[in-house]
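Have a look at the structure below before the remarks.
Values in this document were obtained by computation on a predicted structure and should not be read as measured data.
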Amino acid sequence: MVTSFVIHYSKLYKRKELISRNLEFTTPIWVTEKDFFEFKESDLNSKNVLGLSSHKLGIGLGINSRSLVYSRRRSYFQAKILSLRSKVEKKPNYVLGSLPTQKKLMKQWLEVQRMHLTALEKGVGSSDEWILILEDDAVFNSFDLKNSIDHITNKFSPASKYWFNLNSGAGLAWTKSDPKPDKFGFYRVKPPSVRCAVAYFVSAKLSIEILELIEKYGLPNWLPIDLIYQAAVQKLKAKTYWQDPPSVLQGSESGHFESGFEQFR
């Protein structure tokens with residue numbers, strides 16, 4: 001019913017030992033820098049990401065940025081106003097300023113992209129209804145991860161396009177205009193949005209459609225995986241849920257771990 005994966009750089013073996021002790025309820029498949037699939041890349045100068053215009057992606061990212069200060073509803077209306085101004089005044093930076101520079105990422109970031117998508121593709125190939133993917137710097141936090149997953153599988157249908165963020169990330173959190181979290185901390189985020197990619201739980205239906213977008217449009221080599229997923233959930237109008245407090249902390253952000261890339265220097 002559920003297949004699980006850990007994105008892991010093999011040099012960081014201590015992380016594997018730690019996370020393995022916390023995943024006794026499942027037997028994850030480890031995807032490393034040695035065994036990821038290759039994916040067709042999109043044109044570096046393309047004006048869309050997975051069929052979503054750069055303008056719309058910039059709006060989505062801008063809402064996330066402003067929600068660090070304002071409610072999500074207010075952030076949404078601010079984004080719509082900036083979008084209108086950018087079109088009237090022909091100043092794309094009002095919206096596109098939220099996007100990173102269209103410059104090819106360094107090798108490790110590209111590997112991480114492909115490791116995540118390899119896990120997604122293997123998950124789809126398993127024919128399981130749900131796919132759990134974690135990065136190796138996942139630090140288990142407040143809620144019990146297994147109980148959170150059981151709650152999702154009991155309440156939600158894998159026949160719909162669902163994305164659940166089980167992790168913290170980038171300071172993003174519940175705002176006063178969001179729905180009240182349920183007893184496991186889950187609440188729906190509108191417009192569809194991704195909060196990093198340290199630990200996420202996704203329906204097979206959504207996974208299949210994300211991979212179809214990549215097959216059709218190619219994989220952007222200038223965006224990290226969380227922003228690729230952001231474009232995908234916007235394009236596919238997925239139902240996205242975050243969890244607060246999260247089951248998993250991003251260890252490289254919380255201070256539990258050094259960044260994996262720093263350790264390779």
Side-chain angles (χ1 to χ4, degrees), residues 42 46-88 91-103 105 109 113 116-117 120 160-179 186-203 206-207 209-214 216-244 246 250:
S42 61
S46 175
K47 296 188 182 299
N48 71 72
V49 178
L50 303 184
L52 182 77
S53 71
S54 297
H55 184 89
K56 289 183 178 178
L57 178 57
I59 290 173
L61 296 176
I63 292 170
N64 267 355
S65 297
R66 280 183 286 278
S67 73
L68 294 169
V69 179
Y70 306 107
S71 74
R72 204 170 315 278
R73 182 182 295 115
R74 183 174 178 182
S75 299
Y76 171 80
F77 286 123
Q78 288 177 342
K80 298 300 281 187
I81 291 169
L82 287 174
S83 174
L84 181 60
R85 282 186 63 186
S86 72
K87 291 177 180 178
V88 171
K91 293 183 178 179
N93 281 346
Y94 284 143
V95 172
L96 299 184
S98 299
L99 289 170
T101 304
Q102 272 184 264
K103 181 180 178 181
L105 298 172
W109 283 108
Q113 273 188 353
H116 274 272
L117 295 170
L120 207 64
S160 293
K161 293 180 285 191
Y162 282 118
W163 172 282
F164 293 87
N165 264 116
L166 304 164
N167 58 277
S168 64
L172 299 171
W174 181 88
T175 77
K176 63 183 181 181
S177 67
D178 291 321
F186 290 110
Y187 56 97
R188 188 169 176 186
V189 175
K190 295 181 182 179
S193 189
V194 165
R195 178 167 69 178
C196 301
V198 179
Y200 53 98
F201 196 63
V202 57
S203 65
L206 179 57
S207 302
E209 294 196 17
I210 290 173
L211 292 169
E212 288 174 346
L213 287 180
I214 292 168
K216 181 176 181 179
Y217 295 103
L219 183 62
N221 61 17
W222 56 282
L223 285 177
I225 187 61
D226 53 336
L227 301 192
I228 289 171
Y229 281 145
Q230 173 69 33
V233 299
Q234 282 187 236
K235 174 67 176 177
L236 296 170
K237 297 181 172 57
K239 298 173 183 177
T240 58
Y241 287 76
W242 295 1
Q243 185 184 34
D244 280 307
Q250 182 176 8

Donor-acceptor pair, distance only, cut-off 3.5 Å: does the side chain of [X] make one with the backbone of [Y]?
{"X": "Q234", "Y": "L52", "value": "no"}
{"X": "Q113", "Y": "L223", "value": "yes"}
{"X": "S177", "Y": "R72", "value": "yes"}
{"X": "K161", "Y": "L236", "value": "yes"}
{"X": "Q102", "Y": "K47", "value": "no"}
{"X": "R195", "Y": "Q243", "value": "yes"}

Taking side chain as C-beta onward, heavy atoms only, is [X] less than 4.5 Å from [Y]?
{"X": "I214", "Y": "L50", "answer": "yes"}
{"X": "I225", "Y": "L117", "answer": "yes"}
{"X": "P224", "Y": "L227", "answer": "yes"}
{"X": "N165", "Y": "V194", "answer": "yes"}
{"X": "I63", "Y": "S193", "answer": "no"}
{"X": "L120", "Y": "V202", "answer": "yes"}
{"X": "S42", "Y": "Y217", "answer": "no"}

Return the minimal non-hydrogen interatomic distance between [X] and [Y], and the atom names on each side.
{"X": "P246", "Y": "S168", "answer": "CB-N, 3.7 Å"}
{"X": "T240", "Y": "P191", "answer": "OG1-O, 4.4 Å"}
{"X": "A197", "Y": "D226", "answer": "N-CB, 4.2 Å"}
{"X": "P192", "Y": "A238", "answer": "CG-O, 3.4 Å"}
{"X": "L172", "Y": "N64", "answer": "CD2-O, 3.2 Å"}
{"X": "C196", "Y": "A170", "answer": "SG-N, 4.0 Å"}

Classify the ring geometry between [X] and [Y] as parallel (under 30°), tilted (30 to 60°) or perpendicular (over 60°).
{"X": "Y229", "Y": "Y200", "value": "perpendicular"}
{"X": "Y187", "Y": "W242", "value": "perpendicular"}
{"X": "F186", "Y": "F164", "value": "perpendicular"}

Exercise. Where do V49 and W222 land on the side-chain contact (heavy atoms from CB on, under 4.5 Å) test, with the steps shown first?
Worked result: CA-CA 10 Å; V49 178; W222 56 282; 3.8 Å; yes

Problem set entry | Reported CD-to-OG distance for the pair E209 and S207, which is rounded to 0.5 angstrom |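 Separation between the atoms: 10.0 Å.
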
Problem set entry | Straight-line distance of K176 NZ to S67 OG, nearest 0.5 Å |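 The OG atom of S67 is 13.0 Å from NZ of K176, to the nearest 0.5 Å.
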
Exercise. Within a radius of less than 6.0 Å around OH of Y162, do more than 12 heavy atoms belonging to other residues, nucleotides or ligands occur?
Worked result: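 More than 12 heavy atoms, drawn from other residues, nucleotides or ligands, come within 6.0 Å of this atom.
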
Exercise. Side chains of D178 and T175: do they bring a donor and an acceptor to under 3.5 Å?
Worked result: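 Result is yes, a qualifying pair exists.
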
